[in-house]
Number of protein chains: 2
Amino acid sequence: MYIEKINGPDDVKKIEVSELPKLAEEMRHALLIRASKHGGHFGPNFGMVEATIALHYVFDSPKDKIVFDVSHQSYPHKMLTGRKDAYLYEEHYDDVSGYTNPHESAHDFFTVGHTSTSVSLACGLAKARDLNGEDGNVIAVIGDGSLSGGEALEGLDYAAELGGNLIIVVNDNDMSIAENHGGIYQNLKLLRETNGQAECNLFCAMGLDYIYVDHGNDVAELIQAFASVKDSKKAIVVHINTLKGKGYAPAEQHKEQWHFNGPFHIETGKPLYEMEEEDYSDVTCNYLMKKMKEDPAVVAITSGTPTVMGFTEDKRKEAGRQFVDVGIAEETAVALAAGIAANGGKPVYGVYSTFVQRTFDQIAQDVCINNSPATIVTFSGSVYGMNDVTHLGLQDIPMMANIPNLVYLAPTTKEEYLAMLDWSIEQKEHPIAIKLPGGDVISDGKEVTKDFSILNKYEMTRKGSKVAILGLGTFYGLGNDVADLMKEKAGIDATVINPYYITGLDEEMLEDLKKDHSVVITLEDGILDGGFGEKIARFYGDSTMKVLNFGLKKEFLDRYNVTEVLKDNHLTKEQIVEDTARILA
Amino acid sequence: MYIEKINGPDDVKKIEVSELPKLAEEMRHALLIRASKHGGHFGPNFGMVEATIALHYVFDSPKDKIVFDVSHQSYPHKMLTGRKDAYLYEEHYDDVSGYTNPHESAHDFFTVGHTSTSVSLACGLAKARDLNGEDGNVIAVIGDGSLSGGEALEGLDYAAELGGNLIIVVNDNDMSIAENHGGIYQNLKLLRETNGQAECNLFCAMGLDYIYVDHGNDVAELIQAFASVKDSKKAIVVHINTLKGKGYAPAEQHKEQWHFNGPFHIETGKPLYEMEEEDYSDVTCNYLMKKMKEDPAVVAITSGTPTVMGFTEDKRKEAGRQFVDVGIAEETAVALAAGIAANGGKPVYGVYSTFVQRTFDQIAQDVCINNSPATIVTFSGSVYGMNDVTHLGLQDIPMMANIPNLVYLAPTTKEEYLAMLDWSIEQKEHPIAIKLPGGDVISDGKEVTKDFSILNKYEMTRKGSKVAILGLGTFYGLGNDVADLMKEKAGIDATVINPYYITGLDEEMLEDLKKDHSVVITLEDGILDGGFGEKIARFYGDSTMKVLNFGLKKEFLDRYNVTEVLKDNHLTKEQIVEDTARILA
């Protein structure tokens, strides 16, 4: 076995080129076994095995610096840069993160997880190299799916005038997470079909040099191409045509499903564990499909992650022109929604909390200044969501809830969510965002009759005294648990409130609490700084009411254990009751 | 005179094509007079007179919908859509805003002021039209300078698969605010030089149809071009070659200076009022020029607004490769800074507060997760800054100060600013942002010896008791004024604190205040929601300390009077003293 002896790129260079396909085969085998047991990004890594070998064969990492876009395709790179054990031996599977990570290796330059950043980051590395009079190559590896993102296109434009060495490897597998969208992909197709010879060439039109590699899974051909651009004195694109999921038949055939996988049977490709429970993706898709049939103005928008809204391929077909995937282009997704709403359409943009960060200015300018009645639904904005440092969903309250005009809602149940969504789609007064709760879907079957157009009206669901608990979204249930425990431990009948509105205060209710309450507790699923609780603390700042804000510390967590994080942040019912007892004493 | 009789686009259509140049001449004359007395955007409007006439001659606004990018070039449009008086008669000059504004006219569809949004917004209008089975043209008018912004490039990519009518007028005057930057502009040049015939064509490469108009200030030629694309069934680009500032010699020659102007002498082009006082642009440039000479790793970065950092054309030349203008591409500017800092460079990105909003995700992901020691300086983030609703600088604290790892500093004087900047550039531990204060530059000549690497250490500049005033940045001076008045009116010796750090609490000092203070007042120059004061309110939530947060309400102000806004928000020293007296009573 070659792979067992590879402790760094130098060991790759020792292997004969003719033997490198064997190395590729071994790597794919290891990736397959690991994927079947551990899960992770599948297709992106299987397509990039040969290109990664060729990169490390030709270039001298870490002096030559490779920046992987998104970096979900960096497993082969990790295998060749001293981290093979994490792919060969089950007990070491968790030694590495799923993305590049400078804390793991000198061959990784950035912690990356969002798309479309590699070219601009690589330009930075190259610029510093040139300012400091150093040499070496800087290589950005970017997948075709990432090209549609604004930061990537800006980066390509700037790269043309960087004026020094920069190599941009465009890994073209004709796929984003789902199928590719946008005009760029017509040009990539044309380039593939003309063996890179078409005069009409996006990269050349952006001022970049260009070469094409038709067999992007052929190590020898890739080595030749990379060698030809090594030490190039200006920015050049190496467009390589690869097969996503290469080497595993189910993944080659069903590229979207095999972008990312959980544990599975290698023989059949069937998952080991079936998700039985309903999630908010299904709930959203079912509702929208029905709504679309009733009303042609309703349109669902995604920016490259259609299944977050439950829109699998068949649903997308069924929705037809009422489902829009703009590709990875969050800014355009929001602006499109603003435009649709401004012209009598009813847009719903569904987006992961971590990616809604990519569109602050569009929410503020295109939507909120214009009071455009668009709807944004944020998914996985929760401590129970994705837990890689690059994919945290703990920031959307401070990011969004302080933008004027936006009404940001926090449902606690499926029923509340659907009532809010329905109201939002039909109303014409406000830009609305809805923050889905984390954890299991809670459905209590209760009909929701609340009129959401009367803004900032909280609901007191349990009337008590002394202590009032405002349980926002995910943590409304925790609020009830705290009240129960407080009754049991201290004999206090706490008031429990479902605030619904993240963006505004029910001043009347808060004022009223002063009569027979001395402590207000806020619970929110996100970082405390700039969040909901601080607004409550400000409200009571000039009074004798004491306020305790519970939520997460402002920090970048990474691959955390939820139970531990909740405990560290005093978010268990026992801790909350204790903390409250302390100030009541 | 034609212009005096034009009350809407129908009146334009009544004029013979051969007479339209006369209308253009009259409009330019009116624009010149108004500009010389009132100021505003100059070059963009003078270049677009003929194209605007032609658009209204060919299309049927408002059924056909024109979306102006940035919309600083919409003055001619306003003149032709019922708002001519605001350009002809001095007493009506302030009847209109400097941007498109749906509150003014049914011919304006969005309140716009940031660049690069028009194509995506227009796609939204078009998509809603198609969903609702309506017809009519949708036209995006975008200047070449705006093309480099990520949202614009994303929009062009999506437009190719929109599938219905969309006309994208690219107003190419070979300029951004300063000269254009990036590879795209090489392609525009090639297209101009080949009369639009070059095979290598950015727009075609993005899947769009394309026509070229060489004489973009010739009404007849423009009318012919627009007529030929009217009712097009798919997205098409009309690339028009115009002259920025056309019709006024100084503006044609010095395009950058004449992008925007204050009142001036028409004969000489000389400004009526000279800015004598030093501002933070000069301070920044002077410091950086000196620093660059001492250290080749120091590099200043702008995204299309070099003069915000004081880098006029001569300074840019002098700085050479140590000054980078990425074009209007804020995301790339931040990622570039992250990359430079990660590789041993010392980047300083200077940006208007209102535009830093365009790069939330890059600050969070590229810079802060990576703890990249880049420096960002935010300008005009103040109630004393730009006051158009699209250019407010009141949001940067909630936007930036809640991102983990970022150290956001608020100097109160020139000396503090330079000490912070110097420390920031040399340190390698943290991503740093510096929020410049608003109003006049305050320089007290005091040497700053503070060690900023000891994070979150506030400074008590006046030791008193009972009341403590935390005066952040701009409002530190107000804090002192409040203390003086409090002494005078109530005999209270208030404590005054300069917090310096927006992103963290000096818990020791805050704890210590509990001993002999009963009220803490916070003053901040921005909206209160998600801001600095709320963090202080949260800190004292479980104590008997009363906290009063002063700052701005969460709302979109527009063309406001600073004095009135300060008063509305209880930000005069008298109001603050009164409000404090009330809770001390």
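All values below were derived from every heavy atom in this structure, side-chain atoms included, with hydrogens, water molecules and symmetry-related copies excluded. Chain A is the first sequence line, chain B the second, and so forth, proteins listed ahead of strands; every chain is numbered from 1.
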Engaged part of [X] at the chain A interface, taking heavy atoms whose separation is under 4.5 Å:
{"X": "B:Ile184", "result": "both"}
{"X": "B:Lys65", "result": "side chain"}
{"X": "B:Leu147", "result": "neither"}
{"X": "B:Ala341", "result": "neither"}
{"X": "B:Asp325", "result": "backbone"}

Between chain B and each of A:Glu555, A:Glu134, A:Glu151, A:Arg129, count heavy-atom pairs under 4.5 Å; write down the option with the most.
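Among A:Glu555, A:Glu134, A:Glu151, A:Arg129, the one with the most close pairs to chain B is A:Glu151.
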Side chain, backbone, both or neither: which part of [X] has a non-hydrogen atom closer than 4.5 Å to chain B?
{"X": "A:Thr503", "value": "both"}
{"X": "A:Leu548", "value": "side chain"}
{"X": "A:Ile403", "value": "both"}
{"X": "A:Ile527", "value": "side chain"}
{"X": "A:Ile369", "value": "both"}

With side chain to side chain contact (heavy atoms under 4.5 Å, CB included) as the test, would you mind laying out the steps for B:Gln322 and A:Leu131 before giving the verdict?
CA-CA 8 Å; B:Gln322 287 178 270; A:Leu131 288 170; 4.0 Å; yes
For B:Leu336 and A:Cys123, run side chain to side chain contact (heavy atoms under 4.5 Å, CB included): C-alpha distance rounded to whole Å, both residues' side-chain angles, the deciding distance at 0.1 Å, then the answer.
CA-CA 6 Å; B:Leu336 184 74; A:Cys123 283; 3.6 Å; yes
Which one wins on heavy-atom pair count under 4.5 Å against chain A: [options]?
{"options": "B:His114, B:Lys127, B:Glu199", "value": "B:His114"}
{"options": "B:Ala160, B:Ala335, B:Gly207", "value": "B:Ala335"}
{"options": "B:Asp542, B:Leu202, B:Ile583", "value": "B:Asp542"}

Hey, which of B:Thr111, B:Val112, B:Leu121 is the one that makes side-chain contact (heavy atoms from CB on, under 4.5 Å) with A:Asp366?
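Between A:Asp366 and the candidates, side-chain contact (heavy atoms from CB on, under 4.5 Å) is satisfied uniquely by B:Leu121.
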Check this for me: does any side-chain nitrogen of one of A:Arg538 and B:Asp529 sit under 4.0 Å from a carboxylate oxygen of the other?
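Here A:Arg538 pairs with B:Asp529 in a salt bridge, since their nearest N and O are under 4.0 Å apart.
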Taking all non-hydrogen atoms of both residues, which atom of [X] and which atom of [Y] are closest, and how far apart?
{"X": "A:Asn132", "Y": "B:Gly344", "result": "ND2-O, 3.4 Å"}
{"X": "B:Thr354", "Y": "A:Gln365", "result": "OG1-NE2, 4.3 Å"}
{"X": "B:Phe110", "Y": "A:Ala342", "result": "CE2-CB, 3.6 Å"}
{"X": "A:Ala401", "Y": "B:Lys554", "result": "O-NZ, 3.2 Å"}
{"X": "B:Gly345", "Y": "A:Ala128", "result": "N-CB, 4.0 Å"}

Side chain B:Asp157, main chain A:Ser148, donor-acceptor under 3.5 Å:
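Looks like no, no N/O pair under 3.5 Å.
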